[in-house]
2 protein chains.
Amino acid sequence: MVKSDQFSITPIVASSSLRTLAYEALKAAITKMDIYGRPDEVRLDERKLSQDLGVSRTPVREALTVLEQEGFVRSEARRGVFVIKKTKKEIVGMIHAWAALESMAARLACERATDAQLKSLREIFPEFYEGKPSEHIDEYSDANIRFHQTIISLGQCEVIQDLSSNLLMHVRGIRNTALRQGERAEKSIREHVQIIKALEARRDDLAERLVREHGLGLAAHVHQYGDYLE
Amino acid sequence: MVKSDQFSITPIVASSSLRTLAYEALKAAITKMDIYGRPDEVRLDERKLSQDLGVSRTPVREALTVLEQEGFVRSEARRGVFVIKKTKKEIVGMIHAWAALESMAARLACERATDAQLKSLREIFPEFYEGKPSEHIDEYSDANIRFHQTIISLGQCEVIQDLSSNLLMHVRGIRNTALRQGERAEKSIREHVQIIKALEARRDDLAERLVREHGLGLAAHVHQYGDYLE
DNA sequence: GAAGAAATATTGGTATACCAGATACCCAAT
DNA sequence: ATTGGGTATCTGGTATACCAATATTTCTTC
């Protein structure tokens, strides 16, 4: 019997469930808004949200449950759902956890990633490699995030990737803000180059240490200068 | 006017919601059952669960949503809710993530924990310290888990504690199983002692490395001998 | 008796109704 | 003007009804 291998079936749209759509809409709204800019807590109204999204409360509530689980909102019975403002201490803690996971990913990448994959790290920030990053902060912010995400993906450990991506959503804004303070962008780039070299040389201990110190440096910076968070 | 400071009011109970109760009941049932003993996948029926628990489907569904988020169950539209059997690869990944987080916690503990707190680590397994652990495997299994949890808590980083406790629920069974294989119990104890010494000497680099290697050793063991998982 | 089609049962997804606690507001009493 | 209480209203929590897609059974047809 002939298998229907020649049929490359379209992947099926499988348009997500309303719950997923609501989740994505809400998460986008939350991460987009500048929580730390405003002094008051933001309250979410289930009924208003379901009206605005054009669905019933059920999928909205399920989406909110997931967001609560991920630490984006907090639900108080008969009081309301509130967008969580992380404290400085919590953010520093998240950066510590991030550093732990990313440094392990770097170690794993040393033994698992191909040369070609490691090379892709250099291509992430070609124009800044020798240039003046402080003049291209916006572009570099994205490249910076992508650099770290790439290292984590090269570790090829799904659990670490999942945990990290969750942490990233919480600290993305902070990372980019810190980059604009002092000479951190230049420092960051120098450290990135050292990390790439260690990875390419397959020096797992060194790569792990450099990634960890890079992360801990950010944590210390936020700890010292992150008072705007509270 | 006199403030009523002398009234020490009881803190108000705030009994949990049905959703929380359902969540705890389900999680207990899932972690208790030996998923890897049986060959077939376990399917959960929302309606049956709500009947058994004596509540409606709504809180049960919300509990299942959380469990899905935590990786305990997988919900397929119009097919059913299934208890997830982790693959060997996933379990090894979780141990890697665990090792990353615990080693960072050990590092943090070196600078944050008091001498008294560190001393409590020794008290976790007094009778096994010089004895033959293979004769007390059951007690040692618990002590082993508690040892690692204690290190993580001494790191005093809430994020790391939360992430780790989630991972622990998934790998608890595996940790204890591995302890019974070969000479792992004896090896484990020797390594624990080294870790304690490093922590007490406040040698953060060393403590971090020992904890990491201890974890990676378990990962390698499971990778090699964990075929019963699939 | 086998194959296929139609009816039926079961499942998770969604919408809606109702409840009890918490809040906000109004108004009378002082 | 302030206080106290009572009521209307709003909120999240829960129960239930319904839907569409799937799996299963039954029935028809050859």
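- A sub-4.0 Å separation between OP1 or OP2 of D/dG12 and a side-chain N or O of A/R74 is absent.
- Straight-line distance from the CZ atom of A/R78 to the C1' atom of D/dG13: 6 Å, rounded to whole Å.
- Taking atom CZ of residue A/R47 and atom P of nucleotide C/dA17, one finds them 11 Å apart after rounding to whole Å.
- Comparing atom distances between the A/T58 side chain and each of C/dT16, C/dC18, D/dA17 picks out C/dT16 as nearest.
- Looking only at distances, a side-chain donor or acceptor of A/T31 sits under 3.5 Å from a matching main-chain atom of A/A28.
- Between the side chain of A/K88 and the main chain of A/D227, no donor-acceptor pair closer than 3.5 Å is present.
- Remark: aromatic rings of B/H192 and B/H148 are close, center separation under 6.0 Å.
- Using a 4.0 Å heavy-atom criterion, one finds that B/R19 contacts the sugar-phosphate atoms exclusively.
- A/R79 has a side-chain polar atom (N or O) that falls below the 4.0 Å cut-off from OP1 or OP2 of C/dT23.
- Atom CZ in B/R43 sits about 11 Å away from atom P in D/dA23, given to the nearest Å.
- Nearest nucleotide to the side chain of B/L18, out of D/dT11, D/dA15, D/dT16: D/dA15.
- In terms of phosphate contacts, B/R57 brings no side-chain nitrogen or oxygen within less than 4.0 Å of OP1 or OP2 of D/dT14.
- For A/E62 and D/dG13, the CD to C1' distance is 14 Å, given to the nearest whole Å.
- Each of A/E46 and B/P59 was matched to the nucleotide of DNA chain D holding its nearest heavy atom; the match closer to the 5' end belongs to A/E46.
- Checking D/dT14, D/dC18, D/dG13 against the side-chain heavy atoms of B/S56 singles out D/dT14 as nearest.
- The residue A/L64 sits apart from the nucleic acid: no heavy atom pair falls under 4.0 Å.
- Under 4.0 Å is where a charged nitrogen must lie from a carboxylate oxygen, and between A/R74 and A/E41 at least one such pair does.
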